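This is a predicted model, so every value here is computed, not measured. Labels below follow one simple rule: chain letters A, B, ... track the order of the sequence lines, proteins then strands, and each chain is numbered from 1. All heavy atoms count here, side chains included; hydrogens, waters and symmetry mates do not.
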Amino acid sequence: MVNMLNYDVIVIGAGHAGIEAAIASARMGCSVALITMEKKAIGRMSCNPAIGGSAKGHIVHEIDALGGIMGLIADRTGIQFRTLNKSKGPSVWAGRCQSDRKLYSEEAGEVVFGTQNLDVIEDSVNEAFEENKKIVGVKTEKGKEINCKALIVASGTFLNGVMYTGTDPKIGGRFGERAAIGLTKSFLDMGFVADRLKTGTPPRLKKNSIDFSVLEEQPGDENPQPFSHRTDIKNFPVLPQVSCHLTYTDEHVHKILEKGFDRSPMFKGLITGVGPRYCPSIEDKIVRFADKPRHQLFLEPEGLDSDLIYLNGFSSSLPEEIQFEAVRAIQGLENIEMARPGYAVEYDYFPPYQVDLTLETKLIKGLYFAGQINGTSGYEEAAGQGLVAGINATLKIQGREEFVLKRSEAYIGVLIDDLVGKSTDEPYRMFTSRAEHRLILRQDNAERRLVKFGYDFGLVSKELYNEFKKSEELMIQGIDFASNLRISPKNINGFLASQNSSVIGNGETISKLVKRPELKLKNILETLDKSRFPLVEPLLNNEELLQKLEIELKYEGYIKRQYELVEKMEKLENTKIPLNYDYHNLNTISVEAREKLAKVQPRSIGQASRISGVSPADISILTVYLKN
Amino acid sequence: MLYSHEDTITAIATPIGVGAISVIRVSGSQSIEKVDSIFRGKKKLEDSKSHTIHYGRIYSQSNEVIDDVLISIFKKPNSYTGEDSIEISTHGNPLITQKIIDALLENNVRLAEPGEFTKRAFLNGRMDLAQAEAVADVINSRTEVSLHGARNQLDGLLSKKIDLLREMLIHSSSLIELELDFAEEDIQFVSLKEVKEEIEDIIAEIEELLKSYSFGKIVRDGVKVALVGQPNVGKSSLLNYMLKESRAIVSHIPGTTRDVISEEISVEGLFIKLFDTAGIRFAEDDIEKEGVERSRQAIENADIVIYMFDVTSDFGLELYEEIEKTIPEDRIITVANKIDLGKDLSHSADAEISALTGEGIPELFSLLKEISLGSNIYTEKSAVVSSLRHYNILKKAKENLFSAVKSIENKLSGEFIAVDLRNAENLLGEIIGKVSTDDILNNIFSKFCIGK
C-alpha cells in the first residue's frame with residue numbers, strides 16, 4: 001500500500017503535552033511519529049507567555065525530576081523569574097517565569113528535532129482506527145495511513161475548535177490556525193462521550209503605544225532561581241531580564257464593556273461550554289463581582305524582540321471595537337494600538353473518568369489522552385500528563401510495569417487521580433490546596449521524590465543521577481549530624497544572644513535550635529569549629545542543599561505528621577478492586593454511588609473513597625462485597 | 001475518614017446504663033496486647049489460652065484502679081469476629097465503662113463504627129453471603145438515617161449544628177487557602193487575627209457541644225448526688241423518704257456503717273444516684289479515717305451535694321467549708337431539715353424540709369432536677385451530643401483547632417494552619433457523613449474575584 005507507515009507510538013499534537021509524550025517515548029526506545037499541523041508551532045504558547053506559578057511551578061519541578069523538558073526550556077527562554085509566596089512556608093514557594101514566546105517555541109522545536117527515533121510529520125489526523133478494542137492506527141488529512149501500537153492524543157483546543165470575538169464564530173483551534181475536524185467523531189464511534197469546554201485569551205497590544213511611565217513596574221527576583229537541575233546556575237539566567245507592569249480597570253472601563261454585552265457570545269448563549277472559574281473573562285468579572293470598582297491587569301512582555309504585550313486579566317470575547325474602546329480607557333493605555341483582540345475558544349473534551357490512572361482510555365487499549373482533551377487547562381498540567389502518557393505507552397509496548405504516581409508522591413499524581421476520580425466539568429487547574437499532602441510535595445524535594453523514576457526510565461542521565469545521589473548522601477549525613485550533635489551552652493549562647501534568641505541551659509541539638517523561627521541553619525553551622533566537624537564545610541558550600549536541609553529540619557514535626565497520615569491512607573490505596581467490577585447488583589449501595597463507581601471503575605478503595613457521591617457507608621459496604 | 005480493618009476496635013456491647021454488668025468488646029490483632037496493658041491479674045492474658053476467663057483489675061493511665069473485672073479471651077479464628085477478641089465484664093456503671101473505654105482509646109484502640117464487629121465477622125469468613133447482605137443493611141441504615149435526619153430529634157439537631165460548624169470552618173480555611181494559592185490576585189486578604197477569631201468562635205461552639213455531652217449523659221446515665229451533713233441531722237430519714245417516693249428502686253448496695261451507701265432512684269424522670277455519706281466527720285482512729293476517705297471520694301465524684309443541717313441545731317460551718325473546697329458552691333444544695341420542729345432559721349437554706357412529714361421535699365426534687373439539667377440551658381431546640389463516638393470526634397476536632405490557633409499565634413505560615421483546619425473539617429465531616437471534596441475551592445471562587 002502506498003504511504004503505509006509504521007511507528008510504535010503516534011502522538012497527535014505538538015503542544016506542551018504532545019512534546020513531552022513524544023520525547024519521553026522516543027528516549028525510552030520507541031519509534032515515535034509526532035503529528036502537528038505546523039512544524040513551526042511546536043511548543044507554542046497559546047495563552048500567556050509564562051510558565052509556572054502557584055502549584056504549577058511545582059509541576060514543572062516534578063516534570064524536570066522525571067526527565068521531562070519543560071523546566072529546561074523555560075530556563076533557557078525566561079525573561080523574568082520570580083519565586084511566588086516567598087514570605088510563606090516552603091511548601092508553597094513556587095517558581096514562575098515570563099517566557100519569550102518565540103524563543104520558547106524555537107527551543108522546544110530544537111529539542112524535538114534533535115531527538116532520535118522521533119519523526120515530526122506535518123499533517124492533521126482525521127480518523128483513528130481500532131481492532132478488537134485495541135488501537136491500530138490513524139489516517140491523516142493528506143491521506144497517509146500510519147500504523148501504531150499506541151496513540152497519544154494531545155490535541156489541545158483543536159478538536160472542533162470554534163473561536164469567538166463577538167457573535168461571529170470562526171472555526172479554528174488557535175488564532176490563525178485551523179481546527180481538527182473528524183477525530184472527535186472517530187472516538188464517538190468507538191463509544192466515548194464528549195462534551196464542550198471554553199477558555200479565553202486577552203488582546204495583544206503594541207508595546208510602543210503604551211505609556212509605561214504611569215504604570216507600576218513589577219521586576220523579577222534579584223536572585224532568580226531556575227526550574228531545572230540540568231540548568232547551569234553559573235550561566236543563569238541566559239537571557240536579559242525584563243519587567244512586567246501593572247494597571248487597573250475602573251468603572252468607566254466597565255461601563256464601556258457593558259455596552260457590548262448584547263453581543264457577547266457568552267451572555268447570548270452561543271457558547272455552551274463551561275469556562276474556568278479561576279480565569280474568567282473581564283465581562284464575567286464585572287457581572288459576577290459588580291461591587292468591585294477595579295480589576296488588576298498585568299502587562300506581560302511577549303518576548304525580547306517582540307513588539308507585543310499580553311494584557312493578562314483582560315480575557316474577553318466581546319466585539320473587537322468594544323474591547324478596543326475599553327482598553328483605551330485604561331490608565332497608560334490611552335493611545336494603545338491593539339495587535340489583535342481577545343477571543344474565547346470552545347472545544348471538545350472527553351470527560352476524564354474515561355481514562356485510567358496511566359492515562360490510557362478504559363475503552364480502547366493503546367489509546368491515551370493527555371492535556372486539554374482531558375479537561376485540564378494550563379501548559380504545566382498538560383506537560384505533566386503528556387509525560388505520564390508517553391512513559392506509560394512505552395512501558396506497555398515494552399511489556400514493563402505501568403507508572404502511576406500517588407497523591408502523596410507528586411502534584412502530577414494528585415492531578416491525574418482527581419481527573420479520573422472526580423472527572424471535571426470545567427477546565428481543571430492545579431492549586432496547592434488540592435493536595436492533602438501539601439507539606440511534603442514541595443519544589444525543593446521534587447528531585448528527592450521523583451528522580452529515581454526518571455532514572456529508571458532512562459530519562460535522567462546517569463551523570464545527573466550520580467550527582468543527585470552524592471547530594472542525597474550529604475543530605476542524610478546532614479540530618480544525622482544536626483539531630484545528634486549537641487552544642488554546649490558556652491559555645492552557642494553568645495550567638496543566640498546576638499540573634500535575640502533565648503540562651504540555653506543544657507546542650508541542645510542543631511535540629512532543635514533551627515526550629516526557632518529567628519535562627520538560620522547557615523548561621524548555626526558557622527559557629528561550629530570546621531576542623532572538628534568536617535561535614536560543616538561541604539554543607540556551607542552548597543547553598544541549595546543547605547536550604548533543603550534547613551526545610552527538612554525546621555518543619556520536621558509537620559512533615560513527620562504528614563507522612564504518618566500518608567501511611568495510614570496507604571492501606572486503603574492498597575486495597576484493590578478487580579478490573580471491570582460489576583456494581584449494578586449491589587443493592588445496598590445507593591444508586592448514585594453505584595452509577596459513579598461503575599463509571600469511574602476505581603482501582604482501589606482509596607480511589608473509590610474520593611469519588612464525589614460515594615459515601616463512607618457505601619465504601620464500607622463495598623469492602624464487604626469485595627471480600628466475597 | 002475511612003478506617004483500616006487492621007486496627008483494634010472497641011465498643012460497649014451491652015445497652016448503656018442498664019443492667020448489673022456491662023460488657024466491653026475489643027477485637028483486632030492487638031486486642032490481647034492492648035487489654036494486657038491496662039489489666040492486672042494473676043497471669044498475663046498474652047500467656048493465657050483461648051476461651052478462658054480471668055479475674056483482675058483494670059487500671060487507668062494514671063495508675064488508678066477503675067474496676068474489678070472478668071475477662072474472656074477468644075483467640076482467632078474462634079471468635080465472633082474471627083480475630084483475637086476480648087470481652088471485659090465490668091460492674092454496670094456507665095462511669096466505669098466509659099473510663100475503661102477511655103483507657104483503651106489512650107492505648108490507640110479506636111471506637112468501632114456502626115456494624116463494624118459484624119462486618120469483620122463477615123470479612124473473616126464467619127458468615128455467609130445472606131448474612132453479609134444483612135450487615136450491609138445495618139451499616140447502611142444507621143448511616144443513611146443519620147444523613148437524612150430520620151433519627152431522633154436530638155441527632156437531627158446535632159447534624160444541623162455540625163454542618164453549620166463545618167461551613168464556618170470551610171470559610172476560615174478559604175481565607176487561609178486564598179492567600180496561599182492566589183497571592184498574586186488583587187484581593188484584600190483578611191488578617192490572620194480575624195481568622196483566629198473565627199476559629200475561636202468555632203472552638204467555643206464545640207466546647208458548648210462537648211458540655212452538652214454531660215447533660216446528655218445525665219439524662220441517660222443519671223446524676224450523682226452525695227448526701228452530707230453532721231450526724232443526726234436527718235440524712236437517713238431523707239434517704240428513706242426519697243426511696244419511698246421513688247417509683248423504682250434500681251438497686252441497693254449495702255455497705256458497712258462506715259461505708260458510703262449508694263441508692264439509685266428515679267425522680268420526675270430523672271435518674272439519681274444517691275450516696276449517703278453517713279460516716280463523714282473529722283475522724284481520729286484509723287478505721288474511721290478509711291470511712292471518711294471514702295466519703296470524701298463520694299463528694300469529689302458527685303455532680304451535686306446536698307448539705308443538710310438541723311434547724312434546731314447549728315449549721316456546721318466547719319464541715320460546710322470543707323465541702324466547698326471540693327465542689328463549687330452552685331453545685332451544693334443547702335437543706336434545712338426538721339422544720340416541723342420550728343421555722344426559726346439562723347441560717348438561710350436553698351430548701352426547707354421535714355424529712356419526717358415530707359413537707360418541702362417536692363420543692364427539693366424540683367431544685368435537684370433544675371440544677372442537674374443546668375437550669376434548662378439545653379432546651380429541646382439545642383443540639384446535644386449523646387454518643388461517645390461523637391464526643392470523642394469533637395474533642396479531637398477541638399484539639400486540631402487549638403493547634404491551628406497556636407500556629408497563628410506563633411506566626412507560622414498558612415499551610416501549617418491549614419493542616420489542622422483540614423483535619424478538623426474531616427472530623428466534623430465524619431459525624432455527618434460528608435466527605436471533603438472541593439468545598440474550599442468552590443467557596444473561594446464564589447466569594448472572591450479570582451483570575452488575572
Relative to chain A, which segment of Ile176(B) carries a heavy atom at a distance below 4.5 Å: side chain, backbone, both, or neither? neither

Around atom [atom1] of [X], are there more than 12 heavy atoms from other residues, nucleotides or ligands closer than 6.0 Å?
X         : atom1 : result
Lys560(A) : NZ    : no
Glu409(B) : CD    : yes
Lys515(A) : NZ    : yes

Report the distance from atom [atom1] of [X] to atom [atom2] of [Y], rounding to the nearest 0.5 Å.
X         : Y         : atom1 : atom2 : result
Glu179(B) : Ser54(A)  : CD    : OG    : 12.0 Å
Asn423(B) : Leu565(A) : CG    : CG    : 6.5 Å
Tyr555(A) : Leu412(B) : OH    : CG    : 7.5 Å

If we only count heavy atoms from C-beta on, is the Asp181(B) to Met430(A) side-chain gap below 4.5 Å? no

Can you confirm whether Val419(B) sits close enough to Arg561(A) that some side-chain heavy atom of one is under 4.5 Å from a side-chain heavy atom of the other? yes

Under 3.5 Å donor-acceptor, Arg422(B) side chain and Ser433(A) backbone: yes

Does the side chain of Ser407(B) pick up a donor-acceptor pair with the side chain of Tyr558(A) at under 3.5 Å? yes

Contact summary for [X] and [Y], nearest pair of heavy atoms:
X         : Y         : answer
Glu184(B) : Gln296(A) : O-NE2, 3.1 Å
Leu180(B) : Lys88(A)  : CD2-CD, 3.6 Å
Gly89(A)  : Ser413(B) : N-OG, 2.8 Å

Ring centroid separation Tyr278(A) to Phe182(B) under 6.0 Å: no

Stepwise salt bridge (Lys or Arg N to Asp or Glu O under 4.0 Å) test for Lys568(A) and Asp7(B): CA-CA 11 Å; Lys568(A) 220 176 135 186; Asp7(B) 297 351; over 6 Å; no

Do Arg438(A) and Glu177(B) pass the salt bridge (Lys or Arg N to Asp or Glu O under 4.0 Å) test, and can you show the C-alpha distance, the side-chain angles, and the key distance before you say yes or no? CA-CA 12 Å; Arg438(A) 173 165 54 197; Glu177(B) 297 292 355; 2.7 Å; yes

